[in-house]
Amino acid sequence: MIIERLSQEHLNIEKLLAILERELEVFDRGDRPDYEVIHAVISYFEVYPEVYHHPQEDLVFAKLRARDPAAAAKVGDLAREHQKGAQLLRRVAQAVDSVLAERGILPEDVDLIVRDFIAYERRHMRMEDRDFFPVAVKVLEPQDWTEIASAATSQNDPLFSDVAEERFDTLRTYFAA
């Protein structure tokens with residue numbers, strides 16, 4: 001079922017947030033984090049959640065809104081939340097680029113930008129896991145799920161699937177260590 005896949009993807013995303021958090025701790029100590037790993041995490045967030053994960057959630061949410069507008073209203077504005085996450089990710093990418101280009105960004109500003117992104121993503125996923133997914137499972141009918149499945153992309157996760165993309169080799173190596 002699509003909800004199970006979306007929930008698993010949330011667990012995978014949490015692993016990447018934990019990596020980002022660990023690299024930020026290295027940065028906060030004044031040491032040099034692994035910028036290749038950080039760039040790979042940013043790249044993953046730019047690709048998979050934005051291009052595949054969120055559109056799948058949007059399909060489920062559209063069906064929920066059609067079937068039970070009041071339940072959908074309680075979940076909130078999913079599209080706006082996804083846009084805000086993408087905006088925060090762009091800020092992270094800009095902050096990292098500024099550090100690497102030695103453009104004089106303060107370490108505490110980098111810390112705040114990255115921690116804001118991590119906290120936002122965790123809050124967002126908790127809300128979906130706690131509020132959105134259960135109500136969708138409760139409200140949507142078998143025909144809704146069939147229609148969602150037929151409209152959903154079958155794109156495999158570029159990092160956590162057996163057809164993983166080469167550009168994420170750095171992250172897979174990080175997980176293996």
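Values in this document were obtained by computation on a predicted structure and should not be read as measured data.
In terms of heavy atoms, Ala136 sits closest to Trp145 at O-CZ2, 3.5 Å. When all heavy atoms of Ile148 and Val60 are compared, the pair lying nearest together is CD1-CA, 3.8 Å. Of all non-hydrogen atoms in Pro49 and Tyr44, the two that sit nearest each other are CD-O, 3.2 Å. Smallest separation of non-hydrogen atoms from His82 and Glu50: O-OE2, 4.0 Å. Among all heavy-atom pairs drawn from Leu17 and Glu121, the shortest one is CD1-CB, 3.8 Å. Annotation for Phe133 and Leu6: closest pair CZ-CB, 3.7 Å, computed over non-hydrogen atoms.
Under the 4.5 Å side-chain contact rule for hydrophobic residues, Leu89 and Leu78 do not share a cluster. Residue Ile2 is grouped with residue Val75 when hydrophobic side chains (ILVMFWY) are merged at heavy-atom distances under 4.5 angstrom, including chains of intermediate members. In the hydrophobic clustering of this structure, Tyr48 groups with Val51; members are Ile, Leu, Val, Met, Phe, Trp, Tyr whose side-chain heavy atoms approach within less than 4.5 Å, directly or through other members.
By the 4.5 Å heavy-atom criterion applied to side chains, Val135 and Lys74 are not counted as neighbours. With contacts defined as side-chain heavy-atom distances shorter than 4.5 Å, the pair Gln94/Ile105 does not qualify. Glu81 has its side chain within reach of Met127: a pair of non-hydrogen atoms, C-beta onward, lies under 4.5 Å apart. Phe27 is not listed as a side-chain neighbour of Val114, based on a closest heavy-atom distance of 4.5 Å or more.
Distance CZ/Phe132 to CG/Leu64: 6.5 Å, rounded to 0.5 Å. To the nearest 0.5 Å, atoms CG (Asp129) and CD1 (Ile3) are separated by 9.5 Å. The line from CD of Glu21 to CG of Leu16 is 12.5 Å long, rounded to the nearest 0.5 Å. Summarising the geometry, atom CG belonging to Asp68 is positioned 9.0 Å from atom CG belonging to Leu140; distances are rounded to the nearest 0.5 Å. We find the CG-CZ distance between Leu112 and Arg91 to be 7.0 Å, quoted to the nearest 0.5 Å. Between the CG atom in Asp111 and the CD atom in Glu25 there is a gap of 9.5 Å [rounded to 0.5 Å].
Tested against Glu23, the residues Asp31, Asp28, Ile38 include a single side-chain contact (heavy atoms from CB on, under 4.5 Å) partner, Ile38. A side-chain contact (heavy atoms from CB on, under 4.5 Å) with Val92 is found for exactly one of Leu24, Asp97, Ile113, namely Ile113.
Between the side chains of Gln83 and Gln87, no donor N or O sits under 3.5 Å from an acceptor N or O. Between the side chains of His10 and Glu14, no donor-acceptor pair is found at a separation under 3.5 Å. With 3.5 Å as the limit, one finds no donor-acceptor pair spanning the side chains of Glu9 and Tyr52.
Within 6.0 Å of CZ on Arg80 lie no more than 12 heavy atoms contributed by other residues, nucleotides or ligands. Sparse packing is recorded around CD of Gln143, with 12 or fewer heavy atoms of other residues, nucleotides or ligands lying under 6.0 Å away.
Here Leu100 pairs with Arg32, Tyr35, His39, Val96 under the side-chain contact (heavy atoms from CB on, under 4.5 Å) rule; sequence neighbours left out.
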Hey, mind stepping through Leu20 and Phe117 against side-chain contact (heavy atoms from CB on, under 4.5 Å) and telling me if it holds? CA-CA 10 Å; Leu20 199 54; Phe117 171 74; 4.0 Å; yes

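Looking only at distances, a side-chain donor or acceptor of Asp144 sits under 3.5 Å from a matching main-chain atom of Glu141.
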